[in-house]
Visitor: 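Structure provided below as structure tokens; questions to follow.
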Amino acid sequence: MATSNTGPKSLSGTVSAKATVSGTLTTTSDWIRLDVSHLNEVQKEEKGGITLESSLSPYDVPEAVRGHLDDPREWFVIEFRYITSEPTVEVGEDPVKILRGKRSGRIYQIRVRAPKSLPSEVEVPNMARKALDHLKRSGEQSFGPHRRINIIEHVLEEKREDLFGASRGPGSIREAFKSASFETTPKLTQAPGPLEPQPANVIQTTESRGSAKSGSALAAIDTRQS
Amino acid sequence: MALRGRVARRWSCIVNVLQGIFISAGALAAGAINFQPVLVAGKVPAEWIEAILWIKGSAGIVVPVAAFLTAFAASLKKIIGPKHIWDAVHTLLDDFREKAFSDSSFPHSNRVTLFKHQQLCFKLVAWKKMFSAEKKPIWGGWLVPVDRSGDVTQNPKIAFSAPKDRPDLAEGFAGKIWTTNTELFVEGLPLLERRLIGDPDGENKILRYCKSSYGSVDDIKKRLLSNQWCPRSFWGIHLESENGKVWGVLLIDSHEANLRNRSEIAEQFRTLANTFKALLKHI
């Protein structure tokens with residue numbers, strides 16, 4: 001399952017199938033498939049001539065990532081999809097918040113408030129990285145293997161261009177934030193309202209499984225915001 | 001003690017039938033309490049009336065006993081879990097084994113075992129460990145085998161101590177996986193045989209085996225003395241049920257020194273993780 005057939009969408013164009021499930025307006029909303037075996041580095045330990053290999057559990061390695069603007073378009077959301085989902089808790093403070101699994105501590109979302117000064121495609125990843133650094137150092141928030149945070153950092157670096165790059169054109173983070181800053185009323189020619197019920201055929205995309213997962217996390221945010 | 005999954009698959013029907021019998025007996029006895037022979041005299045055979053009167057006489061015992069046994073059967077059903085879920089879990093384990101050892105024809109020596117973490121363990125091995133020098137209480141948290149692929153070696157006499165408050169004391173390869181929540185793999189473990197016990201080189205081999213597989217020397221020697229084979233490779237992973245809760249451990253053990261397709265096993269697990277999650281919440 002790579003990206004869906006919808007392709008990158010512009011803010012003034014339409015809303016992606018996945019976004020409609022969770023009622024969220026997106027920009028680079030297509031899931032980017034990650035190479036799990038490449039991410040999950042095996043650690044080897046020699047014990048009496050016998051090699052013991054350990055790696056992060058498949059539960060802990062994200063299999064896809066995507067970036068999109070949250071509905072009020074104040075936050076850029078970097079979302080990670082795992083093989084299973086769970087309830088999340090929010091850690092961190094404005095301008096960067098992290099949604100972690102309540103039990104596992106896995107990072108499901110990094111939410112970065114729209115920066116005002118520097119170019120977004122530079123500032124957003126920097127802010128995310130700083131928040132992750134802080135998470136590693138923080139005793140209270142750093143439960144679970146640090147290798148998981150390292151993987152998230154690696155993904156952000158490796159998929160930087162896909163997630164934040166200006167090369168994405170109208171779907172890029174810079175364009176998205178520009179629109180967010182200057183357009184008080186978005187030009188959504190065909191876009192339904194955020195909570196408008198969707199026809200079944202819209203939800204039946206190749207990404208429906210991931211959408212359902214992300215929906216639960218986003219629903220948690222929506223609840224808090226309301 | 002047989003595996004819980006096996007018990008559920010084999011005895012669920014019998015427990016259902018017994019529960020039905022208990023309910024019927026209780027209902028019959030309760031109905032007979034108000035029986036008045038004069039109302040039916042001459043209408044039904046005398047033998048029937050005698051039988052009903054006998055039931056009426058014993059209703060004082062039969063009704064409470066039947067109620068107790070019905071409740072007991074219901075609890076038993078709840079403890080062992082639904083048969084159809086266990087059937088599905090067993091099929092899943094068999095499929096997983098098939099994919100992990102596609103080129104192997106020895107199901108008894110290439111096994112996939114499902115361990116559930118539970119606070120209480122009534123297995124004999126747990127009692128023994130409680131009263132031995134190890135002093136591991138049966139209420140301290142244990143990884144108990146509940147189902148295993150295939151149809152052989154279905155009565156494992158093992159359970160690994162895995163206390164939640166002292167994870168460093170967790171036993172065995174399964175215990176290590178449960179503690180670290182990682183995917184662990186070891187292969188090329190020495191081939192152990194009974195004759196190695198007592199021999200200096202042999203003892204060294206046993207020690208190396210135990211260090212690499214997180215086993216206890218005593219347990220391994222007991223296995224050897226009872227002519228049980230010791231796996232030469234392990235692969236394992238923790239299992240999560242609903243809401244990210246760690247449910248237990250899935251462990252592959254093999255008498256083969258090398259698990260050739262280890263990365264495929266992990267990939268295979270990724271595809272089955274959600275199915276496991278959906279099933280495990282019921283058992």
Side-chain angles (χ1 to χ4, degrees), chain A residues 1 33-64 80-89 99-108 143-151 208-210 212-213 216-217 220, chain B residues 173 176-191 204-215 232-247 249-250 257-259 261-278 280-281:
Chain A
M1 174 175 51
R33 177 99 173 159
L34 302 171
D35 182 353
V36 177
S37 54
H38 165 68
L39 284 175
N40 196 2
E41 201 176 312
V42 176
Q43 290 194 341
K44 295 187 179 182
E45 187 187 351
E46 194 88 0
K47 278 190 168 184
I50 298 164
T51 307
L52 192 76
E53 296 182 12
S54 76
S55 53
L56 274 181
S57 151
Y59 289 106
D60 286 336
V61 185
E63 56 181 18
F80 298 91
R81 194 181 72 195
Y82 297 85
I83 51 176
T84 60
S85 57
E86 63 177 308
T88 54
V89 289
L99 255 69
R100 308 195 72 193
K102 197 175 176 183
R103 282 181 188 271
S104 67
R106 286 191 276 272
I107 295 172
Y108 283 89
F143 63 98
H146 275 188
R147 278 153 79 186
R148 291 195 300 213
I149 302 178
N150 295 342
I151 284 184
S208 59
R209 189 166 71 95
K213 285 177 188 171
S216 62
Chain B
F173 205 76
K176 185 71 180 173
I177 294 162
W178 183 80
T179 306
T180 55
N181 283 0
T182 52
E183 177 193 334
L184 272 186
F185 169 66
V186 68
E187 63 180 359
L189 292 166
L191 177 65
N204 192 29
K205 240 182 185 181
I206 293 172
L207 201 63
R208 270 174 55 215
Y209 182 97
C210 292
K211 270 189 178 173
S212 307
S213 63
Y214 301 99
R232 298 194 64 198
S233 50
F234 289 101
W235 177 93
I237 192 170
H238 77 282
L239 289 170
E240 292 185 7
S241 64
E242 269 191 315
N243 300 335
K245 188 181 176 189
V246 179
W247 185 91
V249 166
L250 185 71
N258 298 305
L259 285 178
N261 46 358
R262 178 228 163 165
S263 56
E264 282 172 35
I265 294 173
E267 191 51 43
Q268 191 60 39
F269 176 78
R270 291 186 75 85
T271 63
L272 296 177
N274 273 310
T275 315
F276 271 117
K277 179 182 166 182
L280 297 182
K281 68 181 176 186

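Throughout, protein chains are lettered first and strands after them, A, B, ... in sequence-line order, and every chain is numbered starting at 1.
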Visitor: What do you reckon, is CD of E41(A) surrounded by more than 12 foreign heavy atoms closer than 6.0 Å?
Guide: no
Visitor: With chain A as the partner, which of G188(B), G244(B), S213(B) has the greatest number of non-hydrogen pairs under 4.5 Å?
Guide: G244(B)
Visitor: Once you round to the nearest 0.5 Å, how far does CZ of F276(B) lie from OG1 of T84(A)?
Guide: 13.5 Å
Visitor: Is L239(B) in contact with chain A via its backbone, its side chain, both, or neither, using a 4.5 Å heavy-atom distance?
Guide: both
Visitor: With distance as the sole test, does K277(B) use its side chain to make a donor-acceptor pair with the main-chain N or O of S85(A) at under 3.5 Å?
Guide: yes
Visitor: Which answer fits Q43(A), side chain, backbone, both or neither, if we ask what part of it has an atom under 4.5 Å from a heavy atom of chain B?
Guide: neither
Visitor: Give the minimum heavy-atom separation between S212(B) and L52(A), together with the two atoms involved.
Guide: O-CD1, 3.3 Å
Visitor: Closest approach of T182(B) and S55(A), non-hydrogen atoms and distance?
Guide: CB-O, 3.4 Å
Visitor: Less than 4.5 Å to any heavy atom of chain B: does that hold for the side chain of S37(A), its backbone, both, or neither?
Guide: neither
Visitor: I want to check something: taking the side chain as every heavy atom from C-beta on, are T180(B) and S54(A) in contact at a cut-off of under 4.5 Å?
Guide: no
Visitor: Which atoms form the tightest heavy-atom contact between R270(B) and P58(A), and what is the distance?
Guide: NH1-O, 3.4 Å
Visitor: Using heavy-atom distances under 4.5 Å, tell me whether I237(B) contacts chain A through its side chain, its backbone, both, or neither.
Guide: side chain
Visitor: In sequence, state the C-alpha distance, the side-chain angles, and the governing distance for R106(A) and E240(B), and then conclude on salt bridge (Lys or Arg N to Asp or Glu O under 4.0 Å).
Guide: CA-CA 13 Å; R106(A) 286 191 276 272; E240(B) 292 185 7; 2.8 Å; yes
Visitor: For the atom pair NZ (K245(B)) and CD (E86(A)), what is the distance rounded to the nearest 0.5 Å?
Guide: 13.5 Å
Visitor: What distance do L189(B) atom CG and I50(A) atom CD1 have between them, rounded to the nearest 0.5 Å?
Guide: 5.0 Å
Visitor: Determine the interplanar angle of the H238(B) and Y59(A) rings, folded into 0 to 90°, and report it as parallel if under 30°, tilted if 30 to 60°, perpendicular if over 60°.
Guide: tilted
